[in-house]
Asks: 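Got a structure for you, written out below as structure tokens; questions coming shortly.
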Amino acid sequence: MKTPLIRLQNLDEYAGCKVYAKLENMQNTKAFKLRGAMNKILSLDETEKEAGIICSSSGNHGQAVSYAAKLLGIKATIVIPETAPKFKVEAIRQHGAATEFCTVDDRFIVTERLAEENGYTIVPPFEDDLVMAGQGTAGLEIMEEEIPFDHVLVPASGGGLIGGVSTALKESGFEGKVHGVEPDKLPRYTKSLEAGEPVQLESKKTIADALVVNRPGDLNFEVVQKHVDGFLTVSDETMLKAQKIMLMEGKILAEVSSSIGLGALIDGKLDVDKDDEVCLVVSGGNLGFEQLELLEEIEY
């Protein structure tokens with residue numbers, strides 16, 4: 001589904017520029033993940049669809065895969081890290097998918113084992129050309145608006161969204177800069193680009209539960225290295241502040257992970273002026289009241 005791209009004038013004073021938002025929290029399943037999941041699943045042949053599909057996910061990808069599977073009448077199993085928010089787990093189950101739980105570090109191993117034992121096709125959360133291409137449709141929609149953005153800021157984890165969006169923009173003639181934004185506790189792309197190859201970091205807990213991958217995908221890294229202009233890192237505290245500003249001043253209900261781009265701006269991580277036009281990709285809006293309660297004491 002095409003999602004809105006809107007101007008958020010009330011955020012300009014906090015960000016120091018003209019703020020726009022690409023609202024993937026308005027997508028079906030409330031996150032960008034459906035784009036890539038549906039593109040991958042629609043490519044399967046009838047034998048693969050009959051056998052069923054499987055994925056590993058901290059929430060949004062799993063919800064997208066389970067939703068797509070329900071629409072297409074396909075059996076789905078979702079491997080979920082034990083740290084996933086309960087409301088995201090329930091959303092996955094509401095679409096009828098089976099669930100398996102494991103640690104964050106073991107989720108891909110468990111997924112591959114179950115796929116081999118049962119003949120399932122894996123729908124990767126990010127490291128897949130079809131998944132990246134699906135996520136890239138958000139970038140094509142940004143280009144359709146014909147706004148001369150100086151910067152586009154994209155939340156980054158494994159690299160499906162930033163890889164797809166950056167490719168779509170740069171291959172369509174975008175003249176501005178594309179920046180990935182990641183938690184400062186898990187700067188996997190910042191460190192990997194410095195090293196010139198994917199680097200695996202020690203897993204650390206971050207408030208950004210949708211951005212917990214500790215190593216870039218190999219396919220994604222090559223694409224990101226080619227098309228992304230740079231990466232910015234943001235603290236948990238700043239992400240929470242950005243989430244509250246997004247809600248109270250922008251009137252946009254977004255996950256804390258999806259507020260990371262605004263966090264980079266309010267923290268001065270990007271050199272902008274008041275006339276720069278900046279697009280924030282708001283990647284998702286799946287959150288529960290327990291997460292909103294964290295914002296009560298946050299000052300901005």
Side-chain angles (χ1 to χ4, degrees), residues 3 22 24 27 31-43 55-58 60-61 64-65 108 111 122-144 149-183 186-201 208 210-234 257-258 260-261 264 270 278-284:
T3 56
K22 176 62 172 168
E24 287 298 287
Q27 184 60 261
F32 75 94
K33 290 285 191 178
L34 186 61
R35 296 176 182 269
M38 186 64 80
N39 197 46
K40 175 68 173 181
I41 295 167
L42 286 173
S43 75
C55 77
S56 55
S57 171
S58 60
N60 287 341
H61 179 60
V65 170
F108 298 123
T111 300
I122 296 175
V123 181
F126 51 86
E127 191 167 12
D128 183 273
D129 288 331
L130 290 169
V131 170
M132 262 196 294
Q135 319 303 24
T137 58
L140 295 178
E141 290 173 15
I142 292 172
M143 289 296 291
E144 288 174 3
F149 289 118
D150 297 283
H151 305 278
V152 175
L153 273 59
V154 186
S157 189
L161 182 61
I162 181 65
V165 168
S166 63
T167 299
L169 291 173
K170 292 301 181 77
E171 294 294 331
S172 298
F174 180 65
E175 296 181 355
K177 294 186 180 298
V178 182
H179 308 271
V181 195
E182 55 188 0
L186 285 169
R188 83 291 288 177
Y189 269 100
T190 300
K191 295 297 185 183
S192 295
L193 289 168
E194 288 174 359
E197 62 183 5
V199 172
Q200 182 160 331
L201 304 182
L211 305 176
V212 297
V213 173
N214 61 355
R215 183 186 188 279
D218 291 322
L219 289 173
N220 310 93
F221 180 78
E222 291 182 14
V223 171
V224 166
Q225 196 175 36
K226 179 179 180 181
H227 293 297
V228 178
D229 294 287
F231 276 78
L232 312 169
T233 60
V234 179
S257 303
S258 305
I260 193 169
L270 185 64
V278 179
C279 179
L280 306 175
V281 176
V282 179
S283 49

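No hydrogens, no waters, no symmetry mates; every other heavy atom, side chains included, goes into these values.
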Asks: Can you tell me if Ser192 uses its side chain to pair, donor with acceptor, with the backbone of Val199 under 3.5 Å?
Replies: yes

Asks: Report yes if some heavy atom in the side chain of Asp229 is under 4.5 Å from a heavy atom in the side chain of Lys170; otherwise report no.
Replies: yes

Asks: Which heavy-atom pair separates Val131 from Pro124 by the least distance, and what is that distance?
Replies: CG2-O, 3.4 Å

Asks: Between Ser258 (side chain only) and Val282 (backbone N and O only), is there a donor and an acceptor less than 3.5 Å apart?
Replies: no

Asks: Are Arg188 and Pro183 close enough that some pair of their side-chain heavy atoms sits under 4.5 Å apart?
Replies: yes

Asks: Between Leu161 and Ser283, is there a side-chain heavy-atom distance shorter than 4.5 Å?
Replies: yes

Asks: Determine the minimum heavy-atom distance between Gly261 and Leu280, stating which atoms define it.
Replies: C-CD2, 3.8 Å

Asks: If you compare all heavy atoms of Val224 against all heavy atoms of Phe231, which two are closest, and at what distance to 0.1 Å?
Replies: CG1-CE1, 3.5 Å

Asks: Among Gln27, Gln135, His61, exactly one meets side chain to side chain contact (heavy atoms under 4.5 Å, CB included) together with Phe32. Which residue is that?
Replies: Gln135

Asks: Is any side-chain heavy atom of Arg215 less than 4.5 Å from a side-chain heavy atom of Leu201?
Replies: no

Asks: Please report the interatomic distance CG(Leu186) to NZ(Lys191), rounded to the nearest 0.5 Å.
Replies: 12.0 Å

Asks: State plainly whether the residues Glu24 and Arg35 are in salt-bridge range, i.e. N to O under 4.0 Å.
Replies: yes

Asks: At what distance, to the nearest 0.5 angstrom, does CD of Glu197 lie from CD of Gln225?
Replies: 10.0 Å

Asks: Are the side chains of Met132 and Phe126 in touch, meaning some heavy atoms are under 4.5 Å apart?
Replies: no

Asks: Got a donor-acceptor contact below 3.5 angstrom from the Lys177 side chain to the Val152 backbone?
Replies: no

Asks: I need the minimum non-hydrogen distance between Ser157 and Val212, along with the two atoms involved.
Replies: OG-N, 3.6 Å

Asks: Cut-off 3.5 Å, side chains only: do Thr190 and Glu182 have a donor facing an acceptor?
Replies: yes

Asks: Within the distance-only criterion (no hydrogens, no angle test), does the side chain of Gln200 pair as donor or acceptor with the backbone N or O of Asn214 below 3.5 angstrom?
Replies: no

Asks: Ignoring hydrogens and geometry, is there a side-chain-to-backbone donor-acceptor pair from Tyr189 to Gly158 under 3.5 Å?
Replies: yes

Asks: Closest heavy-atom contact between Gly139 and Leu169?
Replies: O-CD2, 3.5 Å

Asks: Locate the shortest heavy-atom distance separating Leu153 from Leu232; write the atom from each residue and the value.
Replies: CD2-CD1, 4.4 Å

Asks: Does a salt bridge link Asp129 with Lys40, judged by any charged N lying under 4.0 Å from a carboxylate O?
Replies: no

Asks: To the nearest 0.5 Å, what is the distance between NZ on Lys22 and SG on Cys279?
Replies: 8.0 Å

Asks: Hey, are the side chains of Ile162 and Val181 touching, using non-hydrogen atoms and a 4.5 Å cut-off?
Replies: no

Asks: Check whether any side-chain heavy atom of His179 sits under 4.5 Å from a side-chain heavy atom of Val154, and report yes or no.
Replies: no

Asks: Please evaluate residues Val178 and His227 with respect to the criterion side-chain contact (heavy atoms from CB on, under 4.5 Å), reporting the C-alpha separation (whole Å), side-chain torsions for both, the decisive distance (0.1 Å), and the verdict.
Replies: CA-CA 8 Å; Val178 182; His227 293 297; over 6 Å; no

Asks: Mind checking whether Thr111 and Cys55 have side chains closer than 4.5 Å, heavy atoms only?
Replies: no

Asks: Would you check if the side chain of Lys33 reaches a backbone N or O of Pro125 as a donor-acceptor pair within less than 3.5 Å?
Replies: yes

Asks: Please check this pair: side chain of Asn39 against backbone of Leu130, looking for a donor-acceptor N/O pair closer than 3.5 Å.
Replies: yes

Asks: Report the C-alpha separation of Leu193 and Phe221 in whole Å, then their side-chain angles, then the decisive distance to 0.1 Å, and conclude whether the side-chain contact (heavy atoms from CB on, under 4.5 Å) test is met.
Replies: CA-CA 8 Å; Leu193 289 168; Phe221 180 78; 3.7 Å; yes

